Amino acid sequence: MHFFPLQNNGHDGPPLHRFEALRLSVFLMFSYFAVLYVIAPNRKFSAGHVLLTMLTCLTIVGTLLMVSRKYNVGDGGYLLALAAGAFAIFLGSRPRVRTYFRRR
């Protein structure tokens with residue numbers, strides 16, 4: 001199931017299921033921010049929040065695709081790296097940690 005027409009003839013790049021995971025996670029991220037905009041239109045988002053949301057969406061969608069379609073289990077390492085990156089950004093974006101790096 002592809003959302004954009006892709007030709008599989010002579011494809012030398014990453015596997016197509018990774019592109020599908022990226023497309024679905026971008027769609028999920030835009031849907032998430034659209035719902036947040038409807039609920040709270042005056043709320044502002046930082047770049048860290050957007051990056052954290054994107055990494056979280058990639059991790060969730062990639063895991064669901066890997067489990068439901070029985071893709072290569074070797075992709076689990078990539079998913080763990082995405083989850084670790086999202087967790088590091090989450091910990092680094094806390095106000096107490098941000099004040100540590102502020103100029104004095």
Side-chain angles (χ1 to χ4, degrees):
M1 180 168 121
H2 295 286
F3 291 25
F4 298 116
L6 293 174
Q7 297 296 329
N8 198 8
N9 303 338
H11 182 70
D12 292 335
L16 294 178
H17 68 275
R18 290 186 188 168
F19 286 129
E20 183 178 5
L22 183 63
R23 284 191 301 268
L24 290 173
S25 62
V26 167
F27 178 73
L28 180 64
M29 184 184 72
F30 283 142
S31 302
Y32 170 75
F33 282 119
V35 168
L36 283 182
Y37 181 74
V38 168
I39 293 172
N42 295 330
R43 185 172 177 189
K44 295 183 181 181
F45 303 105
S46 66
H49 185 244
V50 174
L51 184 61
L52 177 65
T53 304
M54 184 63 196
L55 288 175
T56 304
C57 289
L58 267 173
T59 304
I60 291 170
V61 170
T63 303
L64 290 175
L65 284 177
M66 187 176 73
V67 169
S68 68
R69 299 194 182 162
K70 309 225 183 337
Y71 286 132
N72 186 5
V73 179
D75 288 344
Y78 297 119
L79 294 172
L80 287 175
L82 289 172
F87 187 67
I89 291 171
F90 173 73
L91 289 179
S93 66
R94 294 184 309 181
R96 195 174 108 217
V97 175
R98 281 188 295 175
T99 57
Y100 179 76
F101 294 106
R102 188 173 294 159
R103 289 186 179 176
R104 296 176 192 195

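On a predicted model such as this, the values are computed, not experimentally measured, just so you know.
Residues satisfying the ring pair (Phe, Tyr, Trp, His ring centres under 6.0 Å) test with F33, not counting sequence neighbours, are F45, H49.
By the rule that hydrophobic residues join a cluster once side-chain heavy atoms approach within less than 4.5 Å of another member, Y32 and L82 end up as members of one cluster. Residues M66 and I60 fall into different hydrophobic clusters, defined by Ile, Leu, Val, Met, Phe, Trp and Tyr side chains chained together at heavy-atom separations under 4.5 Å.
For the atom pair CG (L52) and CZ (F87), the distance works out to 10.5 Å, reported to the nearest 0.5 Å.
Between L55 and M29 there is no side-chain heavy-atom pair separated by less than 4.5 Å.
The minimum heavy-atom distance between A83 and T59, with the atom names listed, is N-OG1, 3.6 Å. Of all non-hydrogen atoms in L58 and A21, the two that sit nearest each other are CD2-O, 4.2 Å.
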Can you list the steps and then say if L64 with L24 is a side-chain contact (heavy atoms from CB on, under 4.5 Å)?
CA-CA 11 Å; L64 290 175; L24 290 173; over 6 Å; no
